[in-house]
Enquirer: 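Sending over a structure as structure tokens; questions will come in a sec.
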2 protein chains.
Amino acid sequence: MKLGKIGYVILGALHADPGSGYDVKALVDRSTRYFWAASYGQIYPELRKLEEAGLIAGEDAATGGRARTVYRLTAAGEEELRGYLLSPDASCELRDEGLLKLFFADALDDVAATLEKVRAVRANHAEQLRQLEGIAATVKKATPTRQLVLEYGLGVHRWALAWCDDVERRLTGAEATDEGTL
Amino acid sequence: MKLGKIGYVILGALHADPGSGYDVKALVDRSTRYFWAASYGQIYPELRKLEEAGLIAGEDAATGGRARTVYRLTAAGEEELRGYLLSPDASCELRDEGLLKLFFADALDDVAATLEKVRAVRANHAEQLRQLEGIAATVKKATPTRQLVLEYGLGVHRWALAWCDDVERRLTGAEATDEGTL
DNA sequence: CCTTCCATGTAACCGGTTACATGATTGC
DNA sequence: GCAATCATGTAACCGGTTACATGGAAGG
């Protein structure tokens, strides 16, 4: 009975705000998905595992005919979360198709196409930044560490945007003076 | 017979440098893994699919008793790669356990622990930057678009490092004047 | 009434990793 | 002789997504 990484996302979410699987999913979609996603197909089965392991306890909170189970951490769950948060290992993976296309863009042998790929990368960052700015505008009372992560996200995407703009300037400059050669 | 994303990584790799599955894997580990990873368990089966689809052609290049098949793109393969590279969609996903831990670090209720998590995030970026700088030092004759992606990587990690340092300064400052409160 | 949100789940599928198995060649 | 590298593959497993199924509550 070992729990996956998603178990810790749930533990972390429920620690601050006890709630339903639906609530956990809502938090994930609003916040953690930018660096750690999760679907219902993972959340509900994992909730059951966590309860079986005694790390969370569900309490029936049905309103009329609508089912609802509110979960909160047990003492063992709190300890498990602490242990996880204190453990030093922290994997980091990126899957960026925009960068992949840019990386191989020389196969197109066309500066304009390269420029287009840079713009595609830029568009991705712009969209993500837009979303994060929306969150920043509405969520004022998040905990300091959550604000920190939000701030990081805003910063990264702003940096990336600036980088793309810089590359675009360089590429269009080269295009004008040195036709067709990258 | 639809090919997965990994098929395009292979197509991109073989376009510039025809070679074996081993060669493709080497390129992936050296370069694309920073934004798109791939294992032998994907590469070899996908090579077969690509060949069956007529997108690549393998040529026997065994040296003595050591097997080796050199693949290169067919005309159809070139076209497939072009089509992919020109298509506008570009997914982007991040899985950063360091950010996850930082996000939930308030559960530890301890500024020192938060600081430690920031340092963990920093360490990840420092390590990746170190690796990329190694690549930058050795690989001088990469194509312009590959250099661009490398430059992007160097830039992102340097920005992240600076951000972590800034947060550390802020946090240690707060710690000194405002004991224990984040 | 109808749409949107709240709420809970599952089964099939798929992309990807890990671990294993095998063996030749090169260079120290 | 031995280690590192070159080279090819597969089977089991697992983490995760997608699509589906179901239905109550709230608000316009």
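Sequence lines set the chain letters: A, B, ... in the order given, protein chains first and strands last, and positions in each chain run from 1.
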Enquirer: Taking side-chain contact (heavy atoms from CB on, under 4.5 Å) as the test, write out the residues that go with D96(B), two or more places apart.
Expert: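 Per chain and number, D96(B) pairs via side-chain contact (heavy atoms from CB on, under 4.5 Å) with F35(A), C92(A), L94(B), L99(B).
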Enquirer: OP1 or OP2 of dT17(D) less than 4.0 angstrom from a side-chain nitrogen or oxygen of S39(A), does that happen here?
Expert: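 Yes, because at least one side-chain N or O of S39(A) sits under 4.0 Å from OP1 or OP2 of dT17(D).
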Enquirer: For the pair N124(B) (side chain) and G98(B) (backbone), establish whether a donor and an acceptor sit closer than 3.5 Å, ignoring hydrogens and angles.
Expert: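 Looks like no, no N/O pair under 3.5 Å.
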Enquirer: Short question: side chain of S20(A), backbone of R68(A) - any donor-acceptor pair under 3.5 Å?
Expert: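 Side chain of S20(A) to backbone of R68(A), a donor-acceptor pair under 3.5 Å: no, none is there.
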Enquirer: Do any N or O atoms from the side chain of K101(B) and from the backbone of D89(A) form a donor-acceptor pair under 3.5 angstrom?
Expert: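 Pair found, side chain donor or acceptor close to backbone of D89(A).
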Enquirer: Side chains of Y71(B) and E59(B): does their closest heavy-atom pair fall under 4.5 Å?
Expert: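 No, too far: nothing below the 4.5 Å cut-off.
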Enquirer: Tell me, please, which residues at least two apart from Y22(B) pass ring pair (Phe, Tyr, Trp, His ring centres under 6.0 Å).
Expert: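 Scan of Y22(B) (ring pair (Phe, Tyr, Trp, His ring centres under 6.0 Å), adjacent residues dropped) gives none.
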Enquirer: Which residues pass the ring pair (Phe, Tyr, Trp, His ring centres under 6.0 Å) test with Y8(A), not counting sequence neighbours?
Expert: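 Partners of Y8(A) under the ring pair (Phe, Tyr, Trp, His ring centres under 6.0 Å) test: Y84(A).
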Enquirer: Quick one: which of dT8(D), dT8(C), dG16(D) gets closest to the side chain of R68(B)?
Expert: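 Nucleotide nearest to R68(B)'s side chain: dT8(D).
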Enquirer: In whole angstrom, what separates D29(A)'s CG from dG16(D)'s C1'?
Expert: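 Distance, rounded to whole Å: 14 Å.
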Enquirer: Can you pull every protein N or O that's under 3.5 Å from an N or O on nucleotides 9-14 of chain C?
Expert:
unit_1, atom_1, unit_2, atom_2, d
dT10(C), OP1, R48(A), NH1, 3.2

Enquirer: By side-chain contact (heavy atoms from CB on, under 4.5 Å), which residues pair with E79(A), not counting sequence neighbours?
Expert: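 side-chain contact (heavy atoms from CB on, under 4.5 Å) list for E79(A), sorted by chain: R82(A).
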Enquirer: Mind calculating the distance between CD (E46(B)) and P (dG15(C)) to the nearest angstrom?
Expert: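 Taking atom P of dG15(C) as the reference, CD of E46(B) is at 9 Å.
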Enquirer: For DNA chain C, what residues of residues 17-27 of chain A have any heavy atom nearer than 4.0 Å?
Expert: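 Residues of residues 17-27 of chain A that come under 4.0 Å of DNA chain C are, in numerical order, S20(A), G21(A), Y22(A), D23(A).
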Enquirer: Judged by atom type as modelled, is there a donor-acceptor pair below 3.5 Å linking the side chain of E46(A) to the main-chain atoms of I43(A)?
Expert: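 Not a single qualifying donor-acceptor pair exists.
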Enquirer: Could you check how far CZ of R95(A) sits from P of dG15(C), rounded to whole Å?
Expert: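 After rounding, the reported distance stands at 11 Å.
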Enquirer: Which residues satisfy the side-chain contact (heavy atoms from CB on, under 4.5 Å) test with V139(A), sequence neighbours excluded?
Expert: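 Only I135(A), A142(A) meet the side-chain contact (heavy atoms from CB on, under 4.5 Å) criterion with V139(A).
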Enquirer: Is the shortest side-chain N to carboxylate O distance from E133(B) to R130(B) below 4.0 Å?
Expert: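 Salt bridge flag = no for R130(B) with E133(B).
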Enquirer: Between K49(A) (side chain) and G4(A) (backbone), is there a donor-acceptor pair under 3.5 Å?
Expert: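 Such a contact is absent between K49(A) side chain and G4(A) backbone.
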Enquirer: dG16(D) C1' sits how many Å from K49(A) NZ, rounded?
Expert: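 Between C1' of dG16(D) and NZ of K49(A): 12 Å.
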Enquirer: Would you kindly give the CD-to-P distance between E59(B) and dT8(D), to the nearest whole Å?
Expert: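 These atoms are roughly 13 Å apart.
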Enquirer: Just to verify, what does R30(B) make a side-chain contact (heavy atoms from CB on, under 4.5 Å) with, not counting sequence neighbours?
Expert: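 R30(B) satisfies side-chain contact (heavy atoms from CB on, under 4.5 Å) with A26(B), L27(B) once adjacent residues are dropped.
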Enquirer: Counting N and O atoms only, with roles assigned by atom type, does the side chain of R95(A) sit under 3.5 Å from a partner on the main chain of A37(B), one being a donor and the other an acceptor?
Expert: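 Yes; judged by distance alone, with no hydrogens or angles, the pair exists.
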Enquirer: Could you state the CD-C1' distance from E93(A) to dG15(C), rounded to the nearest angstrom?
Expert: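 In whole Å, dG15(C) C1' and E93(A) CD are 13 Å from each other.
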Enquirer: For the pair R169(B) and D165(B), evaluate salt bridge (Lys or Arg N to Asp or Glu O under 4.0 Å) and give the outcome as yes or no after the intermediate values.
Expert: CA-CA 6 Å; R169(B) 249 174 276 122; D165(B) 288 339; 5.2 Å; no
Enquirer: Please list, for nucleotides 20-22 of chain C, all pairs of protein and nucleotide N/O atoms separated by less than 3.5 Å.
Expert:
none

Enquirer: Using atom CZ of R33(A) as one end and atom P of dG16(D) as the other, report the distance to the nearest whole Å.
Expert: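 It is 17 Å, rounded to the nearest whole Å.
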Enquirer: Enumerate the protein-to-nucleotides 25-28 of chain C contacts in which both atoms are nitrogen or oxygen and the separation is below 3.5 Å.
Expert:
unit_1, atom_1, unit_2, atom_2, d
dT25(C), OP1, T63(B), O, 3.3
dT25(C), OP1, G65(B), N, 2.9
dT25(C), O4', R66(B), NH2, 2.9

Enquirer: Check ring pair (Phe, Tyr, Trp, His ring centres under 6.0 Å) between H157(A) and all other residues, then give those that pass, not counting sequence neighbours.
Expert: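 Testing H157(A) for ring pair (Phe, Tyr, Trp, His ring centres under 6.0 Å), a comparison that skips the adjacent residues, returns H125(A).
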Enquirer: Bend angle of the helix from dC1(C)-dG28(D) to dC28(C)-dG1(D) from five-pair axes at both ends, rounded to 10°?
Expert: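 Rounded value for the end-axis angle: 40°.
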